[in-house]
Number of protein chains: 2
Amino acid sequence: MQERLNIVPFVSVDHMMKLVLATGVERFLIELAAYIEEDFRRWECFDKTPRIASHSAEGVIELMPTSDGEAYGFKYVNGHPKNTRFGRQTVTAFGVLADVGNGYPILLTEMTILTALRTAAMSAVAAKYLAPKGARTMAMIGNGAQSEFQAIAFKAILGVDKLRLYDIDPSATARCQKNLAGMGFEITACSSSQEAVEGAEIVTTVTADKQYATILTDNMVGPGIHINAVGGDCPGKTELHRDILLRSDIFVEYPPQTRIEGEIQQLDPDHPVTELWKVITGQVPGRSGGRQITLFDSVGFAIEDFSALRYVRDRLKETGLYEELDLLADPDEPRDLFGMILRAAKPTPVAATVGAL
Amino acid sequence: MQERLNIVPFVSVDHMMKLVLATGVERFLIELAAYIEEDFRRWECFDKTPRIASHSAEGVIELMPTSDGEAYGFKYVNGHPKNTRFGRQTVTAFGVLADVGNGYPILLTEMTILTALRTAAMSAVAAKYLAPKGARTMAMIGNGAQSEFQAIAFKAILGVDKLRLYDIDPSATARCQKNLAGMGFEITACSSSQEAVEGAEIVTTVTADKQYATILTDNMVGPGIHINAVGGDCPGKTELHRDILLRSDIFVEYPPQTRIEGEIQQLDPDHPVTELWKVITGQVPGRSGGRQITLFDSVGFAIEDFSALRYVRDRLKETGLYEELDLLADPDEPRDLFGMILRAAKPTPVAATVGAL
């Protein structure tokens, strides 16, 4: 890319859809998962902080920053459960990647779609280390906006090709089933959570209500399964009965955030959990026995968004799927910001060529 | 504005310059100062937090969020003192305003220029309450990117029309003098800080080095003046000798942030300071005597950026100086994010008209 200091590449929703389609959803998820795994392997280089949340009666707005010392990334994301009633998304997001050396942003991108993809890629990365080997059957409870992405990520990365779907809204199940048609899945629409988990080696819970709920009760969870708990992701919002947690080995992204937001908010603050990056780097075992219940208590952490931003940034040059945004003031003399405004009033040959330097 | 849920208005650098020029710098500063004052009057409604900083050897990247319960705003801003060596700005910024009710962004704007304007407007608001009545002479030490904005704000809001300029780099003083020519100032270029402060009723310090410096020493500060200390704005960066602080009544924006970043980082953590909003609301006096030295220890707080975002947002409709950014995914059915991607592959009449709903 040509160096014009005022310009930041911008990936719109339209360009993101084109990028996903041009890449193929499966390949996108596989490549994104590789970026996430790479960043989890160098977990200790990152500046980490729980997300900065601004809560209101209607929902939450969060900023999720992190840095590896060379790049800095953050995501803006909201969560407003009532939004769908008014035709809006529950969750929308955008993000920025910047150069730590000079502080200049190098990418602005939509992240509503990208967050759905990274959440699914993250779940599949965790399951790669935690699910029973050769698992092919996944129950998916909650068939909303995140469900197809989860299904495709588990197929692409683990080879899961049998889905057992359940949602309290049968039309959500029907839509998920329709959207996944022709992609190589054997899909069973179930009429209860109980029915959905029958024979499943992996159970993904991904419901959307902002409240304590019990999507899975203790009797529904047999030995040997992996639970991918995606929907319990903010204070006051959980999906699993506490007794399941007590029988499971629990794996988390970043404990200071998960203790506040995840399923484990139901447990004592010192209940033992394992950080997933330690499994990925081989410091501690993941699945260690056939009857073990593993639980990935996923809440979504800034490093995963950072990986996603890096991935999108790395794809820009090859695809050209971005616009150029005039985001940064770039006076011809850096200390002369006011002079730049004055010169904008009556463009001179010098000012007119600045953009092309 | 037409309600298209995927669109966020974007104010580029070019549009910001046009907005400032179309409005007039003086009027822009006067109106922006009114927004700042309005928000300082309702200080207690705001969610406040010190900015979230990511420090590196080269500089800092910060996020500055705040909310009044109806709108949420944040600014991304970097500070990299060595940037000017490579033709870049020391400070660049952009910001976002969002609707707390649904979490959707309603404005994305450049804030490099806007930050310069809001910092100057803030200084003038503080001086309105703290400077000697009828002050017309201001010394300005540090004649870089912020200097012209400070000068014009003090002229527009307080009637200051005599400037005494000093910078260690005489070319900076010359440029400031040239840029302000014909705007009604009587300008004296001085050869030292000592000379600059002679006869000044207001002293503005606005230098850029990221280090402890002593721009003003104790003997240079006579009774009755107002010091507008703008440049001491991050940990390890101060401009005033500690003895000046001990003789002054100190006014600050948000103490938890100023204690870390401002001139008062040189003092005990319990040294008494006054919050400016309490002066503006009349709860405590500002200037109370002719020999009193008042010091506004300005570091820049998120609420000022919020005011600036509100002001720009309110001017959009009338001026039309913005672009429409396709930032937010807006599937025709909110829960069907994946279906939106599928439909983008083969546009149907339904999908094709979504943008125009």
Side-chain angles (χ1 to χ4, degrees), chain A residues 5-6 12-14 17-18 20-21 47 49 52 54 56 58-59 61 63 65 67 69 72 74 76 78-80 83-84 86-89 92 94 96 98 100-105 110 112-113 116 144-145 148-149 172 175 179 325-329 334-342 344-345, chain B residues 5-6 12-14 17-18 20-21 47 49 52 54 56 58-59 61 63 65 67 69 72 74 76 78-80 83-84 86-89 92 94 96 98 100-105 110 112-113 116 144-145 148-149 172 175 179 325-329 334-342 344-345:
Chain A
L5 296 178
N6 63 317
S12 66
V13 174
D14 187 54
M17 292 198 289
K18 290 191 166 85
V20 173
L21 289 166
D47 229 359
T49 177
I52 299 107
S54 178
S56 64
E58 295 79 16
I61 295 176
L63 298 174
S67 165
Y72 168 96
F74 82 89
Y76 169 106
N78 75 299
H80 285 71
N83 267 5
T84 50
F86 310 99
R88 287 188 161 84
Q89 294 283 293
T92 65
F94 66 90
V96 169
V100 167
N102 57 38
Y104 273 42
E110 88 80 39
T112 309
I113 296 169
E148 297 95 340
F149 298 98
R175 188 176 50 236
N179 281 339
L325 220 58
D326 170 32
L327 186 63
L328 304 175
R335 287 190 187 83
D336 196 13
L337 194 59
F338 187 74
M340 179 180 73
I341 300 173
L342 290 183
Chain B
L5 296 178
N6 64 317
S12 67
V13 174
D14 186 53
M17 291 198 289
K18 289 192 166 84
V20 173
L21 289 167
D47 229 0
T49 177
I52 300 108
S54 178
S56 65
E58 294 80 15
I61 295 176
L63 297 174
S67 166
Y72 169 95
F74 82 89
Y76 169 105
N78 75 299
H80 286 70
N83 268 6
T84 49
F86 310 101
R88 287 188 161 85
Q89 294 284 290
T92 65
F94 66 90
V96 169
V100 167
N102 57 39
Y104 272 42
E110 89 79 37
T112 310
I113 297 168
E148 297 95 338
F149 298 98
R175 188 177 48 237
N179 281 339
L325 221 57
D326 170 31
L327 186 63
L328 303 175
R335 287 191 187 81
D336 196 14
L337 195 59
F338 187 74
M340 179 180 72
I341 299 173
L342 291 183

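These numbers come from a predicted model, not from an experiment. Side chains included, hydrogens not; waters and symmetry mates left out as well; all remaining heavy atoms used.
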A.B. asks: Just give me the residue among B:G101, B:A172, B:P65 that pairs up with chain A most often, heavy atom to heavy atom, under 4.5 Å.
C.D. replies: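 It is B:G101.
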A.B. asks: Given heavy-atom pairs under 4.5 angstrom as the criterion, report whether the side chain, backbone, both or neither of A:F338 touches chain B.
C.D. replies: both
A.B. asks: Would you please name every residue forming a side chain to side chain contact (heavy atoms under 4.5 Å, CB included) with B:S12, sequence neighbours left out?
C.D. replies: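 For B:S12, the residues satisfying side chain to side chain contact (heavy atoms under 4.5 Å, CB included) (neighbours in sequence not counted) are A:D326, B:F10, B:D14, B:H15, B:E323.
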A.B. asks: Shortest non-hydrogen contact from B:I61 to A:A98?
C.D. replies: CD1-CB, 4.2 Å
A.B. asks: Short question: side chain of A:N83, backbone of B:N102 - any donor-acceptor pair under 3.5 Å?
C.D. replies: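 Confirmed, A:N83 side chain pairs with B:N102 backbone.
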A.B. asks: Which value, rounded to the nearest 0.5 Å, describes the distance between A:F86 atom CZ and B:L5 atom CG?
C.D. replies: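 With rounding to 0.5 Å, CZ (A:F86) is 12.0 Å from CG (B:L5).
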A.B. asks: Between B:A116 and chain A, with a heavy-atom cut-off of 4.5 Å, which part of the residue counts as in contact: side chain, backbone, both or neither?
C.D. replies: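 Contact with chain A involves the side chain of B:A116 alone.
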A.B. asks: Between A:T84 and chain B, with a heavy-atom cut-off of 4.5 Å, which part of the residue counts as in contact: side chain, backbone, both or neither?
C.D. replies: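 Both parts, backbone and side chain.
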A.B. asks: Once you round to the nearest 0.5 Å, how far does CG of B:L337 lie from OG1 of A:T92?
C.D. replies: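 Going from the CG atom of B:L337 to the OG1 atom of A:T92 covers 11.0 Å.
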A.B. asks: Considering only heavy atoms, which portion of B:L21 lies under 4.5 Å from any heavy atom of chain A: side chain, backbone, both, or neither?
C.D. replies: side chain
A.B. asks: If you count heavy-atom pairs under 4.5 Å with chain A, which of B:M340, B:M17, B:E148, B:Q89 comes out on top?
C.D. replies: B:Q89
A.B. asks: Parallel, tilted or perpendicular, judged at 30° and 60°: which one describes the rings of B:F74 and A:Y76?
C.D. replies: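 Because their plane-to-plane angle is under 30°, the rings of B:F74 and A:Y76 count as parallel.
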A.B. asks: Side chains of A:F94 and B:V96: does their closest heavy-atom pair fall under 4.5 Å?
C.D. replies: yes
A.B. asks: Look at A:L325, A:V20, A:D47, A:I113 and state which one has the largest set of heavy-atom pairs under 4.5 Å with chain B.
C.D. replies: A:L325
A.B. asks: Given that the side chain runs from C-beta out, which part of B:L328 has a heavy atom under 4.5 Å from chain A: side chain, backbone, both or neither?
C.D. replies: both
A.B. asks: What option among B:V100, B:D336, B:L342 has the most heavy-atom pairs under 4.5 Å with chain A?
C.D. replies: B:D336
A.B. asks: Which answer fits A:I341, side chain, backbone, both or neither, if we ask what part of it has an atom under 4.5 Å from a heavy atom of chain B?
C.D. replies: both
